[in-house]
Structure formats: C-alpha cells, structure tokens
Amino acid sequence: MGRRRTGKGHQVAQPQGGGSDGGVVELRPRRPARDLLDRTPVRLRVEGDLLVGYGFGDQRVAVPRSSVKALGHYYRRRYRSGPSQGLVLLDGEDRMLLRAKGAWGADLVAFCGRAGLPRPQHRDGARLWRRAPGYRRLRTSPRGAGLAAALIVVVVLAVSMLCGMAGLSLIWLLPASFGPFRVLVGGVALLGGVVVGAALGGRAVARATQVLKWAARSVTRSGRA
C-alpha cells in the first residue's frame, strides 16, 4: 500500500496493482511462463482509455475501457488433468472480450480498483461466460510449449525404462542357487533403475534447457551487435 499526504498532514492509503511501478497500472499472473530469454511478456495494463493484454509472440490486444464492464476470474477442477483457471474481460452483456489462462488471483481486486472497475466476478466450477463478437484469447505460453512438455515426458519415460531394464538384467548375473531370491533382487533392481533413470532424464532435460537458453541469448546478442 502506497501513501500520499493530504494538506493537513494526514496520510491516505494508495492501493498498489499487481506488478505495477509508479503510475503504471499492471497485472501479471502469479506464476508467469518464461521464454528462452527468461522474459515474462504476459500482462494486462491500463494504457490511457485502453485495457491492453500482452502475450507471447509480441501479441498485443487492446480493448477500450468503455467496453469493459468488469473482470472475471474462473477456476474449474478437472479429473484427467490439472485445474483450468484464467482471467476474462467482460462487456456490458457479461460476454467475454478477452480470455487469458493462468492464475491471476493475486492483487486482482487492487488492480480493478486502480483501473476504475468494480470488484471482479468469480465462477468456480461453472460454465464460462459467453463469447462476445471479436473475442480474443491471450497467448499465455510460448508457441510449442505443449509439444515441448510432451517431448520431455517421453524422454524421461524412455530413460527410466532403459535404466529399469538394465537393472532387471542383473537377475541373469545371479547364480541359479539364489532361487526365488533372484526375483526379489530383480524387482528391487528394476525399481531402482526406474528411479535413477527418472533422475538422469530430468537432469538431461535441465541441461538441454540451459543450452537452449544460452544459444538464444547468444543469437540475440549477435543480432543486436
């Protein structure tokens, strides 16, 4: 909460919007996605008579503030995947003008106050609002993020299976005199191999990500030079 002094020396609280500095009224997700340059472009800002949403790929969606009745925030639980949540801009007929996925709950009330909007609407588990003509979706993740996540899962699973099979092969190195004990050793070796493989796969993905980020920074510096 910022404060300003009145003429009589009293202090009046000034609400601070999410991620805003000075006179900038800005809202960002709680856990914003990053690109290879560690930038977080996703945000919602007040720019004069506009509410402007910024997304990945240099996306910029401007909506006149006069067209926005309120902001809405939704949260829906799903059984087969993680929860679905996001932020929407609503027009006078409670229709969505702009939708941005992600967790935007932090400082949402303060942002609405500074933007001259009423308290945000909220829907938990219900259907989303209707779409208005010209409805847009903000790109809150880099292009190819879904494919990259699937590839990571495949790599980690493949390494885990290979290490698990390698551990299971130890059963053939034990003499036949071990009898049923060989099965127990094989099960432990299989489980241990899977755990080790998952750790190795995770480290490999992390190392590959570091290399990609280094390459992206190098290309950016070269382009600027």
Checking [X] side chain against [Y] main chain: does a donor-acceptor pair fall under 3.5 Å?
X    : Y    : result
D107 : A110 : no
R28  : T40  : yes
Q59  : R139 : yes
H122 : H73  : yes
R31  : G102 : no

Tell me every residue that passes salt bridge (Lys or Arg N to Asp or Glu O under 4.0 Å) with R43, counting only those two or more places apart in sequence or in another chain. E26
Please report the closest heavy-atom contact between L98 and G53, naming both atoms and the distance.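 Minimum heavy-atom separation between L98 and G53: CD2-CA, 4.5 Å.
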What are the two closest non-hydrogen atoms of A33 and F56, and how far apart are they? O-CZ, 3.3 Å
Would you tabulate the side-chain donor-acceptor contacts of residues 189-196 under 3.5 Å, counting partners in other chains and residues two or more places apart, or write 'none'?
none

Taking only residues two or more places apart in sequence, or in another chain, which ones meet S67 in a side chain to side chain donor-acceptor pair (under 3.5 Å)? none
Sequence neighbours excluded, the answer for side chain to side chain donor-acceptor pair (under 3.5 Å) partners of E47 is Y54, R60
Extract all donor-acceptor atom pairs below 3.5 Å that involve side chains of residues 128-137 and protein atoms in other chains or at least two apart in sequence.
| unit_1 | atom_1 | unit_2 | atom_2 | d |
| --- | --- | --- | --- | --- |
| W129 | NE1 | Q121 | OE1 | 3.4 |
| R130 | NH2 | E93 | O | 3.2 |

With a 3.5 Å cut-off and sequence neighbours excluded, list the donor-acceptor pairs that the side chains of residues 152-163 form with protein atoms.
| unit_1 | atom_1 | unit_2 | atom_2 | d |
| --- | --- | --- | --- | --- |
| S160 | OG | V156 | O | 2.8 |
| S160 | OG | A198 | N | 3.1 |

